[in-house]
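Note sheet for the following structure.
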Amino acid sequence: MARTPPFAGFEWLIAWRYLRARRREGGVSVMSIISLVGVALAVFALIVTLAVRSGFRTEFVGTIIGANAHVLMLAQPIVDANGVVNRAIEDYYMLNAAVAAVPGVVRSAPIIQGQVMASANGRNTGVEVYGERLEDLRTLPLIADPQLETQGDLDRYDSGVAIGAGVAQSLGLGVGDFIQLISPDGVQGPFGTTPRIVDYEVVYVFEIGRADVDRTRIYMPFTEAQSYFNREGTADALEVLVEDPEAVQDYVIALLSAGGGALYAYTWQDQWSGFLRALQMEDNIMFVILSILVLIASMNIVSGLIMLVKNKGRDVGILRTMGLSEGSILRVFFLCGASIGAAGTLIGVVAGCLFALYIDPIFDVVNWALNGGDPEWFAEKFALPDLPAKLELEDVLSAMALSLGLSFTITFFPARRAARMNPVEALRYE
């Protein structure tokens with residue numbers, strides 16, 4: 001007798017008849033629908049959550065690399081005979097040209113960094129000053145072209161300073177006002193070091209939406225910063241931007257070679273490693289929790305399939321006496337459960353992708369329903385002007401693989417139980 005190939009046409013036909021059979025006919029169609037809806041909702045929730053998670057990470061990383069260097073090239077510390085550590089980059093013009101020539105580098109600029117006290121209108125706050133050339137400042141995306149409101153004219157940068165909106169708010173400053181910067185490392189005199197106190201006109205106010213930048217940062221012309229911080233003829237670091245910030249570690253070796261051993265690299269991933277690890281941990285925990293949700297939804301398939309096996313015991317006995325093998329019976333019931341899981345997964349993937357792609361219009365409708373479409377109320381209520389979502393193929397495929405894998409795996413056990421059913425026992429009381 002010829003062996004039938006696996007998943008033959010009659011096996012699909014029997015599985016389909018069982019799936020659409022009504023309860024009075026020994027089927028579990030209502031249970032099948034419930035199982036399908038449960039799997040679809042679980043996959044939908046998983047995809048939407050992964051998309052929002054990716055969106056938040058993209059927003060977070062975008063604000064980091066939009067206002068900061070991808071790589072800071074710093075001088076190797078040199079200790080002189082008096083024990084003073086020198087970290088200045090003296091030949092920064094030559095080193096900057098060498099670093100800028102590295103393949104994949106899109107920007108390299110010498111900078112001066114220093115922390116000072118800022119004062120105005122009887123108020124004081126600590127700030128971080130960055131000395132940058134105007135042509136270099138224009139190439140920082142979130143400074144030259146911030147996402148939020150700006151004031152002033154960046155073309156007047158060489159005659160004043162650019163300050164963050166948080167600094168301006170805390171000191172009560174606006175464009176045209178003067179800010180006083182006080183540095184303890186000032187002029188060396190016979191009676192010690194005299195603090196340096198200089199007033200600068202505020203010519204530009206920027207806001208990028210990050211408190212650690214808006215509330216602390218001031219940009220000063222590079223040559224003025226050299227004079228103010230006693231760095232004449234030197235730079236503190238080279239600020240480097242690369243084509244692919246996520247793969248910044250791939251550029252480090254080439255950058256170190258360009259520095260000729262005089263520089264070492266400090267990447268944005270090194271600086272923000274704690275935040276990135278926290279994000280990764282949160283991602284993993286969220287994925288595990290939602291995977292449990294998918295597992296619970298998939299268990300509905302098992303309960304429905306067990307009921308189907310029990311109701312179709314007489315049919316199994318007849319099919320076995322007609323010559324169907326254990327493998328054929330197993331595949332019939334496996335197809336019943338796997339079909340529910342596959343259909344639910346497909347519906348959940350489509351719904352989740354559509355929701356992630358059109359999340360802004362959907363939340364506009366929610367906003368309109370909750371408070372008549374007032375965007376200020378929505379941003380104040382949820383601390384977000386909008387909800388970022390980024391749909392990635394890897395997330396969709398992982399959700400599909402998880403749902404299908406769980407559905408197929410747990411379906412196997414009740415199907416195996418049906419295949420091992422003794423036809424004599426199944427037909428004893430018929």
Next item on the list: For the pair Val71 and Val252, evaluate side-chain contact (heavy atoms from CB on, under 4.5 Å) and give the outcome as yes or no after the intermediate values.
Entry: CA-CA 8 Å; Val71 185; Val252 170; 5.5 Å; no
Next item on the list: Just do the side-chain contact (heavy atoms from CB on, under 4.5 Å) check on Glu224 and Tyr200 with the steps written out, would you?
Entry: CA-CA 11 Å; Glu224 177 62 27; Tyr200 293 98; 2.5 Å; yes
Next item on the list: Assess whether side-chain contact (heavy atoms from CB on, under 4.5 Å) is satisfied between Val396 and Val349, documenting all intermediate values.
Entry: CA-CA 7 Å; Val396 175; Val349 167; 3.9 Å; yes
Next item on the list: Could you go through the ring-ring contact (aromatic ring centres under 6.0 Å, His included) check for Phe206 and Tyr219 one step at a time?
Entry: CA-CA 10 Å; Phe206 59 86; Tyr219 285 95; 5.8 Å; yes
Notebook entry, point to check: What do the steps show when you test Ile182 against Val116 for side-chain contact (heavy atoms from CB on, under 4.5 Å), and what is the final call?
Noted result: CA-CA 6 Å; Ile182 307 170; Val116 300; 5.9 Å; no
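Ion pairing between a basic and an acidic side chain is recognised when a charged N comes within 4.0 Å of a carboxylate O; Arg217 and Glu132 show no such pairing. Ion pairing of Arg53 with Glu392 is absent here, as no side-chain N (NZ or NE/NH1/NH2) approaches a carboxylate O to less than 4.0 Å.
Although no hydrogens or angles enter the test, the distance criterion places no donor-acceptor pair under 3.5 Å between the side chain of Trp268 and the main chain of Asn68. In this structure a side-chain-to-backbone donor-acceptor pair under 3.5 Å is present from Tyr157 to Met220. Distance alone, capped at 3.5 Å, is enough to place a donor-acceptor pair between the Gln226 side chain and the Thr234 backbone. In terms of modelled atom types and a separation under 3.5 Å, the side chain of Ser398 and the main chain of Asp395 share a donor-acceptor contact. Panel note: side chain Gln269, backbone Glu246; a donor-acceptor pair is recorded below 3.5 Å.
Atom CD of Glu135 sits in a crowded spot, with more than 12 heavy atoms from other residues, nucleotides or ligands closer than 6.0 Å. Within a 6.0 Å sphere centred on CG of Leu397, other residues, nucleotides and ligands contribute more than 12 heavy atoms. No more than 12 heavy atoms of other residues, nucleotides or ligands lie within 6.0 Å of CD in Glu90, so this atom counts as exposed by the packing criterion.
In this structure, CG on Leu50 lies 7.0 Å from CG on Leu290, to the nearest 0.5 angstrom. Within the model, atoms CG of Leu137 and OH of Tyr130 stand 12.0 Å from one another, a figure rounded to the nearest 0.5 Å. Rounding to the nearest 0.5 Å gives a distance of 10.0 Å between CG of Leu134 and OG1 of Thr139. Between Arg215 atom CZ and Gln169 atom CD the span is 6.0 Å, to the nearest 0.5 Å. Atom CD1 of residue Ile292 and atom OG of residue Ser298 lie 12.5 Å apart, to the nearest 0.5 angstrom.
Nearest heavy atom pair, residue Asp177 against residue Gly172, reads OD2-O, 4.2 Å. Minimum interatomic distance between Thr216 and Val167 (heavy atoms only, all atoms of both residues): N-CG2, 3.7 Å.
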